Amino acid sequence: MDQELLRQWILEHGEERFARSGGPGGQNVNKLNTKVQLRIPLDQLPGLTEAEISRLRERLQGRIDSSGELLVQAQESRSQIRNRETAVERALSLITGALVVRKSRKATRPSFSARERRMDNKKARGAIKRHRRPPKMDE
């Protein structure tokens with residue numbers, strides 16, 4: 001999916017809400033609504049197949065609310081405009097990152113030398129522990 005096209009779609013169809021932000025800002029924190037909550041309806045994203053939408057839902061399930069919208073927040077900056085830009089960038093990276101198909105792992109066996117190295121390490125560790133024990137008293 002094209003990044004610029006997705007960015008435009010988010011700007012047009014994403015719903016922004018503003019609230020008072022925490023953190024630094026002096027009196028601005030108490031007066032201005034600089035925190036941005038961006039809601040993006042995933043079902044309406046253009047150019048996605050059902051498989052891609054289900055992959056989005058699976059990978060972003062912690063950020064999706066009960067109505068099926070992706071919720072992204074930004075409150076790092078003292079500026080509402082900068083927080084809006086941050087929220088859009090964060091949403092873009094979340095969506096594009098979740099759409100990436102990961103390679104499946106091929107099952108492989110450890111090499112002979114890797115198994116040998118592992119056994120040597122285990123023996124050395126056992127020897128260290130054995131030397132820590134108090135000497136046995138022969139009766």
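All of these numbers come straight from a predicted model, not from anything done at the bench. Heavy-atom basis, side chains included; hydrogens, waters and symmetry copies ignored.
The cluster map of Ile, Leu, Val, Met, Phe, Trp and Tyr, joined by side-chain heavy atoms under 4.5 Å apart, puts L48 and L11 in the same cluster. Using a 4.5 Å cut-off between side-chain heavy atoms of Ile, Leu, Val, Met, Phe, Trp and Tyr, with links allowed through other members, L71 and L38 fall into different hydrophobic clusters.
With rounding to the nearest 0.5 angstrom, the OG1 atom of T86 is 6.5 Å from the CZ atom of R90. Separating the CD atom in Q75 from the NZ atom in K35 is a distance of 5.0 Å, to the nearest 0.5 Å. Interatomic distance, R105 CZ to K103 NZ, rounded to the nearest 0.5 Å: 13.5 Å. To the nearest 0.5 Å, the span separating CZ on R78 from OG1 on T34 amounts to 10.0 Å. Separating the CG atom in N83 from the OG atom in S21 is a distance of 6.5 Å, to the nearest 0.5 Å. With values rounded to the nearest 0.5 angstrom, E58 atom CD is found 10.5 Å from I64 atom CD1.
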Quick one: do I40 and W9 satisfy side chain to side chain contact (heavy atoms under 4.5 Å, CB included)? Show the steps, please.
CA-CA 10 Å; I40 302 164; W9 191 89; 3.7 Å; yes
Go through S77 and S79 one step at a time and tell me if the side chain to side chain donor-acceptor pair (under 3.5 Å) criterion holds.
CA-CA 5 Å; S77 172; S79 161; 4.7 Å; no
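Around CD1 of I81, the count of heavy atoms belonging to other residues, nucleotides or ligands within 6.0 Å does not exceed 12. Atom CZ of R115 has more than 12 heavy atoms from other residues, nucleotides or ligands within 6.0 Å.
Taking a cutoff of 4.0 Å between a charged side-chain nitrogen and a carboxylate oxygen, R39 and E15 do not qualify as a salt bridge. With salt bridges taken as basic N to acidic carboxylate O contacts below 4.0 Å, one links R57 and D43. Salt bridge R7/D2: absent, no basic N to carboxylate O contact under 4.0 Å. Using a 4.0 Å cut-off between charged side-chain N and carboxylate O, R118 and E116 make no salt bridge.
Nearest heavy atom pair, residue R20 against residue N30, reads NE-O, 3.3 Å. Taking each heavy atom of V72 and A87 in turn, the nearest pair found is CG1-O, 3.6 Å.
With respect to R84, the salt bridge (charged side-chain N to carboxylate O under 4.0 Å, His left out) criterion is satisfied by exactly one of E76, E89, E16: E16.
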